[in-house]
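Since the structure comes first, as structure tokens, the remarks are kept for the end.
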Amino acid sequence: MDHEKYMRMALELAAQAEGDGDVPVGCVIVKADRVIGRGRNRREERGDATAHAEVEAIRDACARTGSWRLTDCTLYVTLEPCPMCAGAIINSRIRTLRYGTRDDKAGCCGSVLNLFEERFNHHPRIYQGPLKEECESQLQDFFRGLREKSGEI
């Protein structure tokens, strides 16, 4: 599987989120080398705290496959999943998770805690990367821009 290709797709979705004023996080779900789910942050756009990229991509993949079980899938997301998204990954039975960069404030793959090490009934394989630097830079640039607009810099 071409991991960089799929993470680049997630980065493109993150750029779309940023264009709409949301934190740039994008996500794709792949099964048998085919994208079956796409999502991006839409919290600001929808005024919905649950409108995270991973949740959106999982909903899309479930709708396309007609099943809530995504057992043979890999999820690519530009930012380490939060507790809610980690729970959705566990509940959808995604086999493999690849995230771009750490989230030191809310990450649940080891940054704050590793929800996947708890005694749940499903444990996906977790990898950081590829394209860590690109994912990190996209987020840093976004937040730097917000600070500049607010006069903090």
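Both backbone and side-chain heavy atoms feed into the values below; hydrogens, waters and symmetry mates do not.
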Check your understanding: Under 3.5 Å, is there a donor-acceptor pair between the side chain of S137 and the main chain of E133?
Key -> no

Exercise for review: State, yes or no, whether a side-chain contact exists between D20 and E44 at a heavy-atom distance under 4.5 Å.
Suggested key: no

**Study point:** Least distance between heavy atoms, I29 atom then C73 atom
**Key:** CG2-CB, 3.7 Å

Point to revise | Reported NE2-to-CG distance for the pair H52 and L79, which is rounded to 0.5 angstrom | key: 10.0 Å

Practice item. Any chance you could measure Y76, atom OH, to R38, atom CZ, to the nearest 0.5 Å? Key: 13.5 Å

Point to revise | For T96 against R125, the heavy-atom pair lying closest together | key: OG1-NH2, 3.1 Å

Exercise for review: Could you tell me whether the side chain of Y99 reaches within less than 4.5 Å of the side chain of I126, counting heavy atoms only?
Suggested key: yes

Review point. So, for C109 and L97, which heavy atoms are closest and what is the spacing to 0.1 Å?
Key: SG-CD2, 3.5 Å

Practice item. Just jot down the side chain to side chain donor-acceptor pair (under 3.5 Å) partners of N121, sequence neighbours excluded, or say none. Key: none

Review point. Could you go step by step and tell me if T74 and R95 meet the side-chain contact (heavy atoms from CB on, under 4.5 Å) rule?
Key: CA-CA 6 Å; T74 299; R95 177 178 291 168; 5.9 Å; no

Check your understanding: Would a 4.5 Å heavy-atom cut-off, applied to side chains only, mark N41 and P24 as touching?
Key -> no

Review point. Do Y127 and V25 belong together in a cluster built from hydrophobic side chains that touch within less than 4.5 Å?
Key: no

Exercise for review: Report yes if the side chains of V30 and I36 come closer than 4.5 Å at any heavy-atom pair, otherwise no.
Suggested key: no

Point to revise | Any side-chain donor near an acceptor of the partner, R93 and T71, under 3.5 Å | key: no

Study note, to complete from the structure: OH of Y6 to CG of L131, rounded to nearest 0.5 Å, is 14.0 Å

Point to revise | Pairwise side-chain contact, K105 with V112, heavy-atom cut-off 4.5 Å (strictly under) | key: no

Check your understanding: Given side chains that start at C-beta, do those of L70 and C62 come closer than 4.5 Å, heavy atoms only?
Key -> yes

Exercise for review: Linking directly or through intermediates, with side-chain heavy atoms under 4.5 Å: list the remaining ILVMFWY members grouped with V55, chain and number order.
Suggested key: M84

Review point. How about C108 and P81: do any of their side-chain heavy atoms sit closer than 4.5 Å?
Key: no

Review point. Among the clusters formed by ILVMFWY side chains lying less than 4.5 Å apart, do F116 and L113 turn up in the same one?
Key: yes

Check your understanding: In Å and rounded to the nearest 0.5 Å, what is the CE to CD distance from M9 to E12?
Key -> 7.5 Å

Point to revise | Residues that E56 engages under side chain to side chain contact (heavy atoms under 4.5 Å, CB included), provided they are two or more places apart | key: R40, R42, R46

Point to revise | Close side-chain approach of L75 and I58, heavy atoms under 4.5 Å | key: yes

Exercise for review: Give the cluster check for V23 versus L146: same hydrophobic cluster or not, with ILVMFWY residues linked at side-chain heavy-atom distances below 4.5 Å.
Suggested key: yes

Practice item. Considering non-hydrogen atoms only, spot the tightest contact between A57 and C27 and give its length. Key: CB-SG, 3.6 Å

Check your understanding: Which atom names give the shortest non-hydrogen contact between R102 and E80, and what distance separates them?
Key -> CA-OE1, 3.3 Å

Revision key, fill the gap. Distance col, row C82:SG vs L115:CG, nearest 0.5 angstrom, shows 10.0 Å

**Study point:** Cluster overlap F143 with V77, hydrophobic side-chain contacts below 4.5 Å
**Key:** yes

Check your understanding: Taking Q138 for the side chain and A14 for the main chain, is one N or O donor matched with an acceptor at less than 3.5 Å?
Key -> no

Practice item. Output the distance between atom NZ (K132) and atom CD (E134), rounded to the nearest 0.5 Å. Key: 10.5 Å

Practice item. Return the minimal non-hydrogen interatomic distance between S111 and D103, and the atom names on each side. Key: CB-O, 3.2 Å

